[in-house]
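Convention: sequence-line order gives letters A, B, ...; per-chain numbering from 1.
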2 protein chains.
Amino acid sequence: MARENKSRYVILGLLAHEPMTGYSIKKKIESSISNFYDISYGQIYPELARLEEQGLVVMKEDTNENGIVRKVYSITVDGHGQLQDWIAKPVEEEKIHYDILLKLFFGGQISVGENIEHIKAFRDRAATKLEMFEEFEATLRILLGESVDHAYYLLTVMFGKKAYKAYLEWADYAIDYLSEHKNKRGGCCE
Amino acid sequence: MARENKSRYVILGLLAHEPMTGYSIKKKIESSISNFYDISYGQIYPELARLEEQGLVVMKEDTNENGIVRKVYSITVDGHGQLQDWIAKPVEEEKIHYDILLKLFFGGQISVGENIEHIKAFRDRAATKLEMFEEFEATLRILLGESVDHAYYLLTVMFGKKAYKAYLEWADYAIDYLSEHKNKRGGCCE
DNA sequence: GGAGGCATGTAAAGGGTTACATGATTGA
DNA sequence: TCAATCATGTAACCCTTTACATGCCTCC
């Protein structure tokens, strides 16, 4: 995590599809991969400037009828090359970095009830996300013929679906488990 | 992610169990929560100094028979209070931040074969981790009576088990899916 | 008139990794 | 003797978030 400057490749990846402004890059990320990736304007604009300097993207000012200027960026051949190199490189090892697990690991420091509340909140979020991914899946399966990209997008959505389904099942299990234990013995902190 | 200085609470959490040196804190993390949390010495030592300055831990120099000094840190009442406050606070929303999903989202930029290779590598890692979690589970179920902490530890292990099982199933599905597509149409980049 | 979206940025601060630096002990 | 483990730290650098700053347009 952190060493590789993913933001630059995500930006290049989106520009490989179509020219965009910094603002639209942000919006696109929010509407597509926000579940797997985050970015802020504080990263996008300086990164676009750097990419331009290095010749990986080119900027064209687009003035509309009202005289408002938008900076539209397009990917160059060099940029495309670096993008492909990055995508083809071996995938970084993944790690589960969830607050819930860290806090649960130290769960003995608070009451069983508080731990259950934490898991319930997690459970609700997982349920919402699962629904969302299921809707995405339905939509995508209809659009599937249109472009090869949709197949890859679908695979990421399927990951989300299967992952959150497992998370939800775990949460139900964990809540049951702790509820039982809470009843069996009074607990140290109840 | 990032705004809350988790490292300080993880350190406090471990010190709540027993006094430790910076070095042993690192080792403990590696042998227990390394799957859910990472830390480096570059974080531990300065953080311990800060915690001491703020009175959340106290340091005692422990000189052994050879005259070697170890700095052993213990948590204070204040430290314990802040630890509990943190654990009791609502859990941060979790996000799936996996390189594999980012690269797969841009999978159309490389060949189907390369994408399959990426997923296979992911699959193998998931299989290894799943096995590891299953072994942890078996060990923990035996030790379960010893301490309340083991129950919470078990829950995090169960999460790992269920998560990686789902990841593994997804990977098998994704490999099949792409293999089929590869055979159906030549693909743009094959 | 005001809210919300479009659009572009900067600056400070914080969190975290990597590399460097050092040195003793222990077991093979 | 050599590698590994115990043990403590610093410095540079990078990535990222948050907050601030600005201004136009459109729709209600």
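Taking the ring centroids of A:Phe106 and B:Tyr152, they lie at or beyond the 6.0 Å cut-off.
Taking side-chain N and O atoms only, B:Ser7 has a distance below 4.0 Å to OP1 or OP2 of C:dG16. Phosphate proximity of D:dA7 to B:Ser24: absent, as no side-chain N or O sits under 4.0 Å from OP1 or OP2. Within the structure, a side-chain polar atom (N or O) of A:Gln43 is placed less than 4.0 Å from OP1 or OP2 of D:dT17. OP1 or OP2 of C:dG9 has not a single side-chain nitrogen or oxygen of A:Tyr41 nearer than 4.0 Å. Between B:Tyr23 and D:dT8 there is no side-chain N or O to OP1 or OP2 distance below 4.0 Å. Between B:Lys71 and D:dG9 there is a side-chain N or O to OP1 or OP2 distance below 4.0 Å.
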Evaluation steps, salt bridge (charged side-chain N to carboxylate O under 4.0 Å, His left out), between B:Glu94 and A:Arg125: CA-CA 9 Å; B:Glu94 41 286 318; A:Arg125 282 194 295 274; 2.5 Å; yes
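In this structure, the CZ atom of B:Arg50 is 9 Å from the C1' atom of C:dG15, given to the nearest Å. Regarding A:Ile29, its CD1 atom lies at a distance of 13 Å from the C1' atom of D:dT16, rounded to whole Å. Counting to the nearest Å, the P atom of C:dC6 and the CG atom of A:Asn64 are 14 Å from each other. Computed from coordinates, the B:Leu48 CG to D:dT10 P distance equals 12 Å when rounded to whole Å. Rounded to an integer number of Å, the gap from OH of A:Tyr45 to C1' of D:dT18 is 16 Å. Here C:dG15 presents its P atom at 8 Å from CD of B:Glu47, a figure rounded to the nearest Å. Between the C1' atom of D:dC6 and the NZ atom of B:Lys28 lies a distance of 17 Å, rounded to the nearest Å.
Side-chain N or O atoms of B:His118 include one that pairs as donor or acceptor with a backbone N or O of A:Ile87 at under 3.5 Å. Side-chain atoms of A:Lys161 do not come within 3.5 Å of backbone N or O of A:Phe136 as any donor-acceptor pair.
A salt bridge links A:Lys6 with A:Glu92: the distance from a Lys NZ or Arg NE/NH1/NH2 to an Asp or Glu carboxylate oxygen falls below 4.0 Å. Here B:Glu134 does not pair with B:Lys165 in a salt bridge; the nearest charged N to carboxylate O distance is not below 4.0 Å.
A rotation axis mapping the C1' atoms of four pairs onto the next four is fitted at both ends of the helix from C:dG1-D:dC28 to C:dA28-D:dT1 over five pairs, and the angle between these axes is 40° to 10 degrees.
Under the 6.0 Å distance and 45° angle rule, B:Lys162 does not count as a cation-pi partner of A:Tyr167.
A:Thr128 and A:Glu131 share no donor-acceptor pair across their side chains, judged by distance under 3.5 Å alone.
Set against C:dG15, C:dT8, D:dT8, the side chain of A:Thr21 has C:dT8 as its closest nucleotide. Of all nucleotides listed (C:dA24, D:dC6, D:dG9), C:dA24 comes nearest to the side chain of B:Ile68.
A:Ser40 comes within contact range of at least one nucleobase, with a heavy-atom separation under 4.0 Å. Using a 4.0 Å heavy-atom distance criterion, A:Gly22 is classed as a sugar-phosphate-only contact.
With DNA chain C read from its 5' end, the first of the two nearest nucleotides for A:Arg70 and B:Ile39 is the one closest to A:Arg70.
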